[in-house]
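This report refers to the structure that appears directly beneath it.
Along the sequence shown, the residues carry numbers beginning at 1. All values below were derived from every heavy atom in this structure, side-chain atoms included, with hydrogens, water molecules and symmetry-related copies excluded.
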Amino acid sequence: MTPGPDLVMITNLVLHGSLRVATAAALGMITAGAVQAGLGAAGLAALLAASPGLFAAFRWAGAVVLLGWAVLALRRATGRAGAEAPSPAPSPQATVTVPAHATGEPPAGPPPSGRAAGKAGPSVRQAFGQGLLCTGSNPKVGIFLMAFLPQFVPAGMAPETGVPLLAACYLALGLLWLLTWMRLVHRLAPHLRSPRVLRIADSLTAAVFGLFAVRLALGG
């Protein structure tokens, strides 16, 4: 699998959520790929390839989804930038420090980390839906599978048996790649969860989703 919206979403979910949430999104992506492969085998891919208007409608719908995620990521990035703005200098007037035990309040702890300070990430069900929508909204997935896989069906094997088998192998390899990538990101996450790094990650996420939205809308 080449880097694209799926990989960007997985990375973002690991940094803002957890491995469990990112795994749910990966399973949603693979489920969408399996559905597209099944629909392609049933003839939908050929129908889309032969109907430019219908294919364009699917492309524009997918572009809108990606653009919406780009806007959300950009809002997160700008929100973090505002949170990182320096606070006004304290007044030079003398202040009186009251011990915590005198007020009955617990002592203040350390400031929350970048992940804890932000909004809660998506639930497992929401992440699965996001993964499903991310891959399922791109009609090129099914067309690619139906154009790419038949040429590798072994001689003597019926296409109706060989293509689904190859599709299952392709999707299994895709899932393995996503799981490997999220494990790597998870190992690096403690060093990547500072507010500044998360702001940069959100900005890059917005740029990638926006770029792929434009490419999908223009048919690139």
Between [Y] and [X], is there a side-chain heavy-atom distance shorter than 4.5 Å?
X	Y	value
L179	R183	no
D202	L74	no
W181	V14	no
P122	V21	yes
T78	R199	no
M182	L13	no
L7	L178	yes

Give a yes or no answer on whether the side chain of [X] reaches the backbone of [Y] with a donor-acceptor pair at less than 3.5 Å.
X	Y	result
Q130	A25	no
Q36	T31	no
H16	N12	yes

Hydrophobic cluster membership, with links at side-chain heavy-atom distances under 4.5 Å among I/L/V/M/F/W/Y: are [X] and [Y] in one?
X	Y	result
L72	L15	yes
V64	V71	no
L188	M9	yes
V163	F152	yes

State whether F212 and R215 meet the cation-pi test: NZ (Lys) or CZ (Arg) under 6.0 Å from the six-membered ring centroid, and within 45° of the perpendicular axis.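 Yes, cation above the ring, under 6.0 Å and within 45°.
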
[atom1]/[X] to [atom2]/[Y] distance, rounded to the nearest 0.5 angstrom?
X	Y	atom1	atom2	result
L27	L175	CG	CG	6.0 Å
F128	L133	CZ	CG	12.0 Å
T11	L184	OG1	CG	9.0 Å
L204	L211	CG	CG	12.0 Å

Mind listing the closest non-hydrogen atom pair of [X] and [Y] along with its distance?
X	Y	value
I30	L171	CD1-O, 3.6 Å
A22	I10	O-CD1, 3.4 Å
A37	A167	CB-CB, 4.1 Å

